Amino acid sequence: MPSVRSASPIALTSGAPSAIDADLLVIPWYEGETPSTLSGLDAATAGEVQRTLTQNEFQAKPFDVFIARVTDRSWRAERVALIGAGARGSEGVSSGEILRKIAAAAGLEARKRRVARAAFLVRGSGDAALLTQAVAEGLTLAEFYGGSYKTTEPQPAAPASWTIAFDGAAPAGTTEAVSRGRILGESSNLARALANEPGNTLTPREFAARASAIAAEGNIKVEVLDERQLSDLGMGLLLGVARGSSEPPRLMVFRHDPPGAPATPVLGLVGKGITFDTGGISIKPADGMERMKDDMAGGAAVACAMRAIGLLQAPMRVVGVVPATENMPGGRAIKPGDILKSAEGKTVEVINTDAEGRLILGDGLWYARKLGATHLVDVATLTGAVVVALGKITSGLFGTPERWVEQVRRVADRAGDKSWPMPVFDDYREQLKSEIADLANTGGRPAGSITAALFLKEFTGGLPWVHMDIAGTAWSDETRPFMPKGATGVAVRTLASLAFEQLEA
Ligand code: BES
Ligand code: MN
Ligand code: ZN
């Protein structure tokens with residue numbers, strides 16, 4: 001596995017920008033700002049800042065970069081980099097969202113330029129601790145390297161050692177904010193590494209072993225149930241999907257039980273852990289099928305969020321459940337028309353074996369309830385339909401009651417995981433009717449992501465529940481300034497942050 005744990009701690013410093021000691025001092029720059037906003041900067045660069053701004057060479061559009069040598073020897077930085085932050089307040093009241101991205105872009109840029117010692121000046125509106133945390137997250141996200149199986153290319157440059165700097169006195173709480181950001185960034189990177197891992201190395205057993213080791217870093221209690229235990233529990237949906245594979249399924253169970261925590265609420269996190277989705281007998285077309293190695297991204301998010309929850313010592317009880325299996329065709333595979341019985345007792349007619357995520361999550365949600373969850377959140381690369389609806393930027397949110405959905409949306413927004421609520425009107429439930437069983441596993445093409453959510457709802461026992469469909473957001477098909485191609489680590493920070501909330505119901 002690639003090394004994704006942080007190489008060195010991020011230092012903090014405060015005082016005059018001229019006193020910041022670094023090879024490269026990165027300064028977020030908002031549109032319309034003049035050189036005088038940062039006193040001494042223009043003179044330190046012999047007028048280069050003024051020049052680039054008046055010539056409109058650097059316009060402070062997001063991720064624009066302008067680098068100038070510092071000629072004034074009373075400054076300790078060798079060079080400064082202005083990095084465009086766009087219009088101030090364009091992401092709402094706080095600048096956290098844009099700073100997280102800019103810090104990640106700066107981290108990638110510094111690495112590309114083989115900068116050894118870099119500093120990032122925190123500038124923006126909103127709570128200083130939140131901004132600092134966002135910067136630490138961004139810098140940490142930039143440490144991720146996805147080319148772990150390359151043998152002929154030179155190793156990529158080590159990440160720069162970073163200092164987060166403040167112009168003037170460091171605001172209260174920034175030391176803790178850096179370590180929070182570090183943990184959340186690392187946990188996101190660990191989830192990215194798992195989702196990038198191919199199906200032949202990350203089998204359900206290997207996934208369970210690695211995810212368990214990751215969660216255990218946060219002193220999380222971990223249990224892995226094998227196929228015999230699953231059969232004793234009657235998990236016919238999970239076992240049904242696993243039938244086509246020679247690799248046995250697993251169910252990971254994570255528990256965070258802080259001493260003295262109240263008995264309720266118990267946050268229940270459930271993640272889809274399909275280590276490879278061929279579609280099964282309803283096999284997928286070959287084109288692009290390799291991406292289906294990331295069909296366990298939801299499960300990885302749950303395991304890695306549990307690590308963060310433990311390391312950050314969240315005050316509430318949390319249980320995590322990750323059903324893991326391959327979805328393969330084979331002589332013993334389930335077939336369209338087969339009937340499966342869930343652990344809860346409900347029967348399902350399998351119309352399409354490619355709608356496997358909802359099957360394993362049905363048993364997973366039931367198990368989270370059995371463990372005492374009072375509030376459920378599931379995360380899954382569940383439907384192509386959500387990609388049609390919301391694209392690759394926004395995860396779909398489904399659930400009930402509205403206040404709980406809205407709380408998850410708000411927390412996700414702050415964590416940098418964009419999401420948007422979708423309707424789960426009971427009127428759509430008709431599409432899941434089966435002639436022979438309690439319900440069918442598909443509802444046809446119309447509203448495909450909604451009927452998938454309604455299928456899951458059948459297994460929530462009426463608890464407050466949110467389903468996050470990350471089929472569009474778990475994987476980046478193109479290189480972005482702040483993120484290379486590949487697994488994104490979506491939902492890790494959202495799930496971890498929820499464990500610090502007063503849960504709505
Ligand atoms: N893992 C896929 C969903 C998916 C599609 C994730 C594209 C990422 C990108 C899921 O198991 C699936 O195959 N869903 C089917 C459901 C259909 C058969 C009802 C789909 O969306 O086509
Ligand atoms: Mn599928
Ligand atoms: Zn799938």
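First listed ligand is number 1; within each ligand, the first listed atom is number 1. Source: prediction; values computed, not measured. Side chains are part of it too, since the values below use all heavy atoms of this structure and drop only hydrogens, waters and symmetry mates.
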Asks: To the nearest 10°, how many degrees is the angle E356 OE1 to the Mn ion (ligand 2) to D354 OD1?
Replies: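 That angle works out to 120° after rounding to 10°.
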
Asks: Would you say K284 and ligand 1 have an N/O pair spaced under 3.5 Å apart?
Replies: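 It does: an N or O of K284 is found under 3.5 Å from an N or O of ligand 1.
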
Asks: By side chain to side chain donor-acceptor pair (under 3.5 Å), which residues pair with T325, not counting sequence neighbours?
Replies: none

Asks: Can any side-chain N or O of N441 pair as donor or acceptor with the backbone N or O of T353 at less than 3.5 Å?
Replies: no

Asks: Tell me: protein heavy atom nearest atom 15 (C) of ligand 1, and distance?
Replies: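 Nearest protein contact, heavy atoms only, for atom 15 (C) of ligand 1 is D354 O, 4.0 Å.
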
Asks: Need the ligand 1 atom indices (1-based, order shown) with element for anything under 4.0 Å from a heavy-atom of N352.
Replies: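 Listed by number with element: 18 (C).
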
Asks: Apply salt bridge (charged side-chain N to carboxylate O under 4.0 Å, His left out) to K418 and E97, showing your working.
Replies: CA-CA 10 Å; K418 281 198 168 62; E97 165 87 13; 3.1 Å; yes

Asks: Examine the proximity of ligand 1 to K392 and report which part, side chain or backbone, both or neither, has a heavy atom under 4.0 Å away.
Replies: neither

Asks: Please name all residues satisfying ring pair (Phe, Tyr, Trp, His ring centres under 6.0 Å) with F459, sequence neighbours left out, ordered by chain then number.
Replies: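 Checked F459 against ring pair (Phe, Tyr, Trp, His ring centres under 6.0 Å); matches are F455.
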
Asks: Between D417 (side chain) and A491 (backbone), is there a donor-acceptor pair under 3.5 Å?
Replies: yes

Asks: Go through it in stages, so that I can follow the logic: the residues are E478 and K392, the test is salt bridge (charged side-chain N to carboxylate O under 4.0 Å, His left out), and I'd like the CA-CA distance, side-chain angles, deciding distance and then a yes or no.
Replies: CA-CA 11 Å; E478 66 252 16; K392 313 218 56 175; over 6 Å; no

Asks: Between S497 and R414, is a side chain to side chain donor-acceptor pair (under 3.5 Å) present by the stated rule, with each step listed?
Replies: CA-CA 9 Å; S497 308; R414 256 187 275 132; over 6 Å; no

Asks: Identify, by atom number and element, the atoms of ligand 1 in contact range of K272, meaning under 4.0 Å from any of its heavy atoms.
Replies: 1 (N), 10 (C), 11 (O)

Asks: Select the closest option to atom 5 (C) of ligand 1 among A355, G384, A385, judged by heavy-atom distance.
Replies: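 Answer by nearest heavy atom: G384.
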
Asks: When you look for heavy atoms under 4.0 Å from ligand 1, do you find them on the side chain of R358, its backbone, both, or neither?
Replies: side chain

Asks: Specify side chain, backbone, both or neither for D277, according to which of its non-hydrogen atoms lie closer than 4.0 Å to ligand 1.
Replies: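 For D277, only side-chain atoms sit under 4.0 Å from ligand 1.
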
Asks: Should the pair K272-D295 be classified as a salt bridge under the 4.0 Å nitrogen-to-oxygen rule?
Replies: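 Yes, charged N to carboxylate O under 4.0 Å.
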
Asks: Number the atoms of ligand 1 from 1 as they appear, then name those within less than 4.0 Å of a heavy atom of T442, with their elements.
Replies: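 That gives atoms 19 (C) of ligand 1.
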
Asks: Take K221 and D257, measure what salt bridge (charged side-chain N to carboxylate O under 4.0 Å, His left out) needs, and give me the verdict at the end.
Replies: CA-CA 8 Å; K221 285 180 229 150; D257 278 317; 2.9 Å; yes

Asks: With a cut-off of 6.0 Å (strictly less than), are more than 12 heavy atoms of other residues, nucleotides or ligands near CZ of R291?
Replies: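 Yes.
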
Asks: Looking only at protein heavy atoms, identify the closest one to atom 7 (C) of ligand 1 and say how far it is in Å.
Replies: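 For this ligand atom, the closest protein heavy atom is M292 CE, 3.8 Å.
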
Asks: Which N, O or S atom name in D277 marks its closest approach to the Mn ion (ligand 2)?
Replies: OD2

Asks: If you have a sec, work out which protein heavy atom is nearest atom 6 (C) of ligand 1 and how many Å separate them, to one decimal?
Replies: A471 CB, 3.6 Å

Asks: Given that the side chain starts at C-beta and the backbone is N, CA, C, O, which of these parts of L382 lies under 4.0 Å from ligand 1, counting heavy atoms, or is it both or neither?
Replies: backbone

Asks: To the nearest 0.5 Å, how far apart are CD1 in I450 and OH in Y428?
Replies: 4.0 Å

Asks: Whether the side chain of D363 engages the backbone of L237 through a donor-acceptor N/O pair (distance < 3.5 Å, no angle test) should be reported.
Replies: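 Answer holds: yes.
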
Asks: Verify the distance test for D295 against the Mn ion (ligand 2): any N/O/S atom under 2.8 Å, yes or no.
Replies: no

Asks: What pairs with W475 under ring pair (Phe, Tyr, Trp, His ring centres under 6.0 Å), at least two apart in sequence or on another chain?
Replies: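 For W475 there are no ring pair (Phe, Tyr, Trp, His ring centres under 6.0 Å) partners, ignoring immediate neighbours.
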
Asks: Hey, which atoms in ligand 1 end up nearer than 4.0 Å to a heavy atom of T381?
Replies: 1 (N), 2 (C), 3 (C), 6 (C)

Asks: Would you list the protein N, O or S atoms within less than 2.8 Å of the Zn ion (ligand 3), leaving out water?
Replies: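 Less than 2.8 Å away from the Zn ion (ligand 3) sit K272 NZ, D277 OD2, D295 OD2, E356 OE2.
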
Asks: Between E137 and R180, does any side-chain N to carboxylate O distance fall below 4.0 Å?
Replies: no

Asks: Is the terminal nitrogen or CZ of K293 (NZ for Lys, CZ for Arg) located under 6.0 angstrom from the six-membered ring centre of F276 and within 45° of that ring's axis?
Replies: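 That pair does not qualify as a cation-pi contact.
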
Asks: Write out the residue and atom name of the closest protein heavy atom to atom 1 (N) of ligand 1, then the distance separating them to 0.1 Å.
Replies: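 Heavy-atom neighbour on the protein nearest atom 1 (N) of ligand 1: D295 OD1, 2.9 Å.
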
Asks: Any idea which atoms of ligand 1 are less than 4.0 Å away from a heavy-atom of E356?
Replies: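 The list of qualifying atoms is 11 (O).
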
